[in-house]
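Written out below as structure tokens is the structure these notes cover.
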Amino acid sequence: MTKITLSGPLEDGGLREIVLGGSSPDDIGDTEIARLDHYAQATGISHEPGRRYGAAGDGGAGALERLAAQEIMAAFGRITPETLLQRRGMILSRAAARLAAAAGVPATQRCDQSADTVELIRSENMHEGFFTFQAMELRHPRFDGGMSDVLRREVFVATDAAILLPYDPLRDRVLLVEQFRMGPYGRGDPRPWMLEPIAGRVDGGESPEATARREAREEAGLELRHIERISSHYCTPGASTEYFHLFLGLCDLPELGHGRGGLDVEHEDIRTHVLDYEVAHGLLASGEADNGPLILSLLWLQRERERLRASA
């Protein structure tokens, strides 16, 4: 038995139990030390291997850190902590998405059965990279009152995303971004560069509104005067956990034409387009607007445009 000092986030009992695999902090052996080393290296918290893990300067721990720790420790012995540290942003974002999902939405017309009534038999990670892909075997309640057969279902585990259409109501202009997209390329689209609203991953501990404002600065150099929520919704509920928070942002767009944006550290190659509203709306009729967030944003703007312009 080795005497180990656990401080900072590891003072949280729930997090400590996940990291130690259920072992008591008073009974730490070689396996537990290896698990502590893995967690400390994967999260970047201060530590002296075999002696001390965590410090007050590393902060505390809450539900977000505990959910993230579950993914980190599930990778123990399979994925190096150095690799997990590189993916820490995505791990925290996936954890934040699970916390956000727990709030749910009203069920006045659809089934109000809890997810707890689903019998999860087996779950395995089919792929663990920047994104993850899970396969599950389960049974779920049927509308006739019985239970389904055992089903195998696969799901792409993504994060929540904030998506924003910048609009200048005084000049009646919108800003779109254009960039190369793997989805169209993988599908075989001959033109895999997409016109889209501004978009970005919701980081752990960040609100969707804060993400929208941050991405507006990073992708287009814009400061927003006001944000209006358009919708929050799943984009592909049959196969993906990805959840979109869609906004319109009021701003100044004094110049028509193209610009550049994006962060070099994220290897973003973005061209911005400032378009008159009528030109942007024409993309719906021509079919050039062929992704859901852009279509939904432009349709919402069509409905709300008169109100927004009247108050400009």
Side-chain angles (χ1 to χ4, degrees), residues 9-10 12-19 21-22 38-39 42-45 59-76 78-79 83-107 110-141 151 153-163 199-212 214-215 229 231-246:
L10 287 166
D12 179 83
L15 177 65
R16 193 167 57 236
E17 182 176 0
I18 295 167
V19 174
H38 173 83
Y39 181 77
T43 58
I45 66 170
L64 179 68
E65 290 76 19
R66 288 190 288 271
L67 277 174
Q70 290 177 7
E71 180 172 340
I72 291 167
M73 297 314 299
F76 175 62
R78 298 185 298 104
I79 302 175
T83 297
L84 292 170
L85 183 61
Q86 293 174 355
R87 299 174 185 169
R88 180 158 172 75
M90 284 296 289
I91 292 171
L92 287 169
S93 289
R94 281 192 288 269
R98 289 192 66 83
L99 288 176
V105 298
R110 67 182 185 176
C111 177
D112 66 352
Q113 289 243 45
S114 167
D116 293 338
T117 62
V118 177
E119 180 187 351
L120 179 60
I121 299 168
R122 182 169 176 265
S123 176
E124 63 177 314
N125 290 324
M126 305 295 290
H127 170 77
E128 294 174 282
F130 187 74
F131 297 112
T132 66
F133 194 80
Q134 292 182 344
M136 303 181 189
E137 293 181 5
L138 54 80
R139 301 171 71 226
H140 65 77
L151 307 172
R153 294 291 184 262
E154 298 175 354
V155 62
F156 175 73
V157 183
T159 69
D160 288 5
I163 303 173
R201 179 187 75 212
V202 178
D203 289 339
E206 186 178 45
S207 70
E209 292 83 356
T211 301
R214 172 174 57 78
E215 291 292 340
R229 179 179 293 274
S231 68
S232 292
H233 60 273
Y234 288 98
C235 60
T236 315
S240 173
T241 69
E242 193 167 29
Y243 198 77
F244 288 166
H245 300 277
L246 193 55

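Atoms considered below: every heavy atom in the structure, side chains included; atoms not considered: hydrogens, waters and symmetry mates.
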So which atom in [X] and which in [Y] form the shortest heavy-atom distance, rounded to 0.1 Å?
| X | Y | value |
| --- | --- | --- |
| Asp160 | Ala97 | OD1-CB, 3.4 Å |
| Ala199 | Glu215 | O-OE1, 3.4 Å |
| Ala63 | Leu99 | CB-CD2, 3.8 Å |
| Thr117 | Pro141 | OG1-CG, 3.3 Å |
| Ala42 | Leu84 | CB-CB, 3.9 Å |
| Pro9 | Gly60 | CB-O, 3.6 Å |

Under the salt bridge (charged side-chain N to carboxylate O under 4.0 Å, His left out) test, which residues partner Glu17, sequence neighbours left out?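 Salt bridge (charged side-chain N to carboxylate O under 4.0 Å, His left out) check on Glu17 returns nothing, list empty.
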Please list, chain by chain and in numerical order, all residues satisfying salt bridge (charged side-chain N to carboxylate O under 4.0 Å, His left out) with Glu124, sequence neighbours excluded.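 If we apply the salt bridge (charged side-chain N to carboxylate O under 4.0 Å, His left out) test to Glu124, skipping adjacent residues, the hits are Arg122, Arg152.
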Which residues pass the side-chain hydrogen bond (donor to acceptor under 3.5 Å, both in side chains) test with [X], sequence neighbours left out?
| X | value |
| --- | --- |
| Glu137 | none |
| Glu119 | Arg139 |
| Arg78 | Glu128 |
| Thr83 | Thr80 |

Measuring from [X]:[atom1] to [Y]:[atom2], what's the distance to the nearest 0.5 Å?
| X | Y | atom1 | atom2 | result |
| --- | --- | --- | --- | --- |
| Cys235 | Ile163 | SG | CD1 | 8.0 Å |
| Arg16 | Tyr39 | CZ | OH | 12.0 Å |
| Leu10 | Ile45 | CG | CD1 | 4.5 Å |
| Arg98 | Leu67 | CZ | CG | 6.5 Å |

4.5 Å side-chain heavy-atom contact, Ile79 and Arg87: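 Side-chain contact under 4.5 Å: yes.
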Checking [X] side chain against [Y] main chain: does a donor-acceptor pair fall under 3.5 Å?
| X | Y | result |
| --- | --- | --- |
| His127 | Gln134 | no |
| Thr236 | Gly238 | no |
| Ser240 | Pro237 | no |

Using the test side chain to side chain contact (heavy atoms under 4.5 Å, CB included), find all partners of [X] that sit at least two apart in sequence or belong to another chain.
| X | value |
| --- | --- |
| Leu92 | Leu64, Ala68, Arg88 |
| Ala239 | none |
| Arg153 | Leu151 |
| Ser93 | Thr159, Arg201, Asp203 |

Passes side-chain contact (heavy atoms from CB on, under 4.5 Å), Ile72 versus His38? Steps please. CA-CA 8 Å; Ile72 291 167; His38 173 83; 3.8 Å; yes
So, applying side-chain hydrogen bond (donor to acceptor under 3.5 Å, both in side chains) with Glu209, which one of Arg214, Arg229, His245 is it?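 Of Arg214, Arg229, His245, side-chain hydrogen bond (donor to acceptor under 3.5 Å, both in side chains) with Glu209 is met by Arg229 alone.
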ring-ring contact (aromatic ring centres under 6.0 Å, His included) partners of His233, counting only residues at least two apart: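 So His233 forms a ring-ring contact (aromatic ring centres under 6.0 Å, His included) with Phe244.
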Salt bridge (Lys or Arg N to Asp or Glu O under 4.0 Å) pairs, two or more places apart, involving residues 62-71: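 Of all non-adjacent pairs touching residues 62-71, those that pass salt bridge (Lys or Arg N to Asp or Glu O under 4.0 Å) are Asp12-Arg66, Glu71-Arg94.
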After noting the C-alpha distance and the side-chain angles of Gln86 and Phe130, does the key distance pass the side-chain contact (heavy atoms from CB on, under 4.5 Å) rule? CA-CA 9 Å; Gln86 293 174 355; Phe130 187 74; over 6 Å; no
Going through the distances and angles, do Ile121 and Leu138 end up as a side-chain contact (heavy atoms from CB on, under 4.5 Å)? CA-CA 5 Å; Ile121 299 168; Leu138 54 80; 5.6 Å; no
Ring centers of Tyr234, Tyr243 separated by less than 6.0 Å: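 Yes: the rings meet the under 6.0 Å criterion.
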